[in-house]
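What follows is a set of notes on a single structure, which appears directly below.
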2 protein chains.
Amino acid sequence: MTKWLNRLIKPNTQMSEKEKINTEEKILQAAEEIFVKDGHSGARMQQIADKAGINKSLLHYYYRSKDKLFSTVFKFIFSKLASDIMNIFDSEEDIFGKLEKFIENYLRILMKNPIIPMFILNELNKKGNNLATIIIKGSNINLNKFEEIIQKEIDAGNIKNINPKSLIINILALCVFPIIGRPLTEEIVFNGDTKKYDEYLGQRKDEVFAIIKSTITIEK
Amino acid sequence: MTKWLNRLIKPNTQMSEKEKINTEEKILQAAEEIFVKDGHSGARMQQIADKAGINKSLLHYYYRSKDKLFSTVFKFIFSKLASDIMNIFDSEEDIFGKLEKFIENYLRILMKNPIIPMFILNELNKKGNNLATIIIKGSNINLNKFEEIIQKEIDAGNIKNINPKSLIINILALCVFPIIGRPLTEEIVFNGDTKKYDEYLGQRKDEVFAIIKSTITIEK
DNA sequence: GTCTATAAATTGATAGAC
DNA sequence: GTCTATCAATTTATAGAC
């Protein structure tokens, strides 16, 4: 009987639950850092073991295979980001205030974790990736609520009659692209001036909101 | 003396120039397909050789190493895309017509090569990638011309006094994101309905232009 | 130029002692 | 649970025949 199977059947027989979690957590944190930086195929199990300060065998003891470990990490990261995003809607303001807060918070999260979106999008674009669909469906991402809010505002005559789906995509596009496209845009638009690009990102939220606002405001 | 060095010194001594180009071209096309699909670390030299219908050794004969081959491919793809984009400006219309044509053609190019932008952005985001900066600088991408055109229109009072750099970034964002974010947006916004997403992309150009137009139009 | 054969190094994964 | 040792398969790259 293999060890990982044995562990599944009789877990934690020789070590306290706390210590076990510590090691598992250490592995997860190291794996998160390496996978996000180098992607699934670029990451090496040895790298992860080194970063976690443990032996390579322990990775297999806890996660059986590289794919299993990756799945766990991806799901963890995606869920965390999705959760952060969904929590943004807990605002008591009107639709304009809600959107402004959303854009502001979303951009803040992205800027605090600038390499996460590229990691996620890159892996989602891998061909034959059923994992993606499964994880997305399993996440608590639910945009129906958002679409309903928008539709209600349209019906009430508070905003222009636009496509709620378009509104979502436009907000995501305007927020995400300056982050994932940074190496390109910083070079060809800002001539490689990192400081200037940071300044630009700092006021990006006002720009994005102004654009979104103009797309939903009814002309008088 | 190694073979590749010998070839650099005395190229094409035993085979006609035409045949040589054919083989080199075959390798390049195969490498392009594989690298774009799987990325640098995900691609395998054997895959490329198989696709090119030649032996693995020939890859090294022509390109010495995987990195060299990748650099060649990346530069080739980036230059082609950059060239396509720059050619879009050859329009004789007014600024609104120019922008509309640009958005329309850019989106058409992206939709015809939907996995190219993710390939480029992903590799550019790799840490310690001097290659990126070098290739970008070596390309014929020149946005100064674009910024000048915009500034001239602003000075002439034809459009609003906006930041030309923002205009560029917003156009790129609104065009590129629906392509590279497709696996995500198709799932969480269109509930996995591929047909609906294709329809959406088909009219995306009108949407993007409407937004861009509204950001530069002077209110009366 | 193109091939076969193989080196040399890496990597994911397992066995088994403690 | 954690370690050492090692396997088996893969992968880049080279040597050498033709």
Side-chain angles (χ1 to χ4, degrees), chain A residues 1-28 30-31 34-35 37-74, chain B residues 1-31 34-35 37-73:
Chain A
M1 187 185 295
T2 56
K3 283 166 190 169
W4 63 264
L5 186 56
N6 187 50
R7 180 176 169 265
L8 287 179
I9 297 172
K10 303 187 301 176
N12 319 318
T13 48
Q14 295 174 20
M15 186 168 254
S16 74
E17 180 70 15
K18 188 174 182 183
E19 280 181 89
K20 186 212 128 209
I21 289 178
N22 280 344
T23 299
E24 215 164 337
E25 185 63 22
K26 265 195 299 183
I27 293 176
L28 214 59
I34 301 296
F35 275 133
K37 181 163 66 74
D38 298 331
H40 177 279
S41 60
R44 299 289 168 244
M45 295 294 268
Q46 186 63 57
Q47 264 184 300
I48 296 172
D50 291 346
K51 177 132 307 210
I54 52 134
N55 194 277
K56 204 171 49 164
S57 301
L58 270 188
L59 299 181
H60 292 93
Y61 175 78
Y62 280 104
Y63 295 97
R64 196 175 149 195
S65 72
K66 186 184 182 183
D67 283 347
K68 280 265 181 195
L69 178 56
F70 180 81
S71 298
T72 308
V73 168
F74 186 89
Chain B
M1 188 185 295
T2 55
K3 284 165 188 169
W4 61 265
L5 185 55
N6 185 52
R7 180 175 168 264
L8 288 179
I9 296 172
K10 303 188 301 177
N12 318 318
T13 48
Q14 296 174 21
M15 187 168 252
S16 73
E17 181 70 12
K18 188 172 179 182
E19 280 180 87
K20 185 213 129 206
I21 289 178
N22 280 345
T23 299
E24 215 165 336
E25 184 62 23
K26 263 195 300 183
I27 293 177
L28 213 59
Q29 283 179 10
I34 301 295
F35 275 132
K37 180 163 66 74
D38 298 331
H40 176 279
S41 60
R44 298 288 169 248
M45 295 294 268
Q46 185 64 57
Q47 264 184 301
I48 297 173
D50 291 346
K51 177 132 306 206
I54 52 133
N55 193 277
K56 206 172 44 164
S57 301
L58 269 189
L59 299 181
H60 293 94
Y61 175 79
Y62 280 104
Y63 295 96
R64 195 174 150 198
S65 73
K66 186 183 182 184
D67 283 346
K68 281 267 181 194
L69 177 56
F70 180 81
S71 298
T72 307
V73 168

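Naming: A, B, ... by sequence-line order, numbering from 1 per chain.
Among residues two or more places apart in sequence or in another chain, the side-chain contact (heavy atoms from CB on, under 4.5 Å) test is passed with A:Lys37 by A:Gln47. For B:Thr72, the side chain to side chain donor-acceptor pair (under 3.5 Å) criterion is met by no residue, not counting sequence neighbours. Scored by the side chain to side chain donor-acceptor pair (under 3.5 Å) test, A:Lys68 finds no partners at all (sequence neighbours excluded). Residues passing the side-chain contact (heavy atoms from CB on, under 4.5 Å) test with B:Asp50 are B:Gln46, sequence neighbours excluded. For B:Ser71, the side chain to side chain donor-acceptor pair (under 3.5 Å) test picks out no residue, with sequence neighbours left out.
With rounding to whole Å, A:Ile34 atom CD1 is found 12 Å from C:dT11 atom P. Between the CZ atom of B:Phe70 and the P atom of D:dT11 there is a distance of 17 Å, rounded to whole Å. One atom, NE2 of A:His40, and another, P of C:dT11, lie 14 Å apart when rounded to the nearest Å. Regarding B:Tyr61, its OH atom lies at a distance of 9 Å from the C1' atom of C:dT2, rounded to whole Å. Distance NZ (A:Lys66) to P (D:dA8): 21 Å, rounded to an integer number of Å. Atom C1' of nucleotide D:dA13 and atom CG of B:Leu69 are separated by 13 Å, given to the nearest angstrom.
Taking only side-chain nitrogens and oxygens, B:Tyr62 comes nearer than 4.0 Å to OP1 or OP2 of C:dT2. Checking the phosphate oxygens (OP1, OP2) of D:dA13, no side-chain nitrogen or oxygen of B:Tyr63 falls inside 4.0 Å. Checking the phosphate oxygens (OP1, OP2) of C:dG12, no side-chain nitrogen or oxygen of A:Ser65 falls inside 4.0 Å.
Shown for residues 44-58 of chain A: residues whose heavy atoms fall under 4.0 angstrom of DNA chain C, namely A:Arg44, A:Met45, A:Lys56, A:Ser57.
Among the nucleotides D:dT12, C:dT14, C:dG1, the one closest to the side chain of B:His60 is D:dT12.
With hydrogens and angles left out, the side-chain atoms of A:Ser65 and A:Asp67 include no donor and acceptor closer than 3.5 Å.
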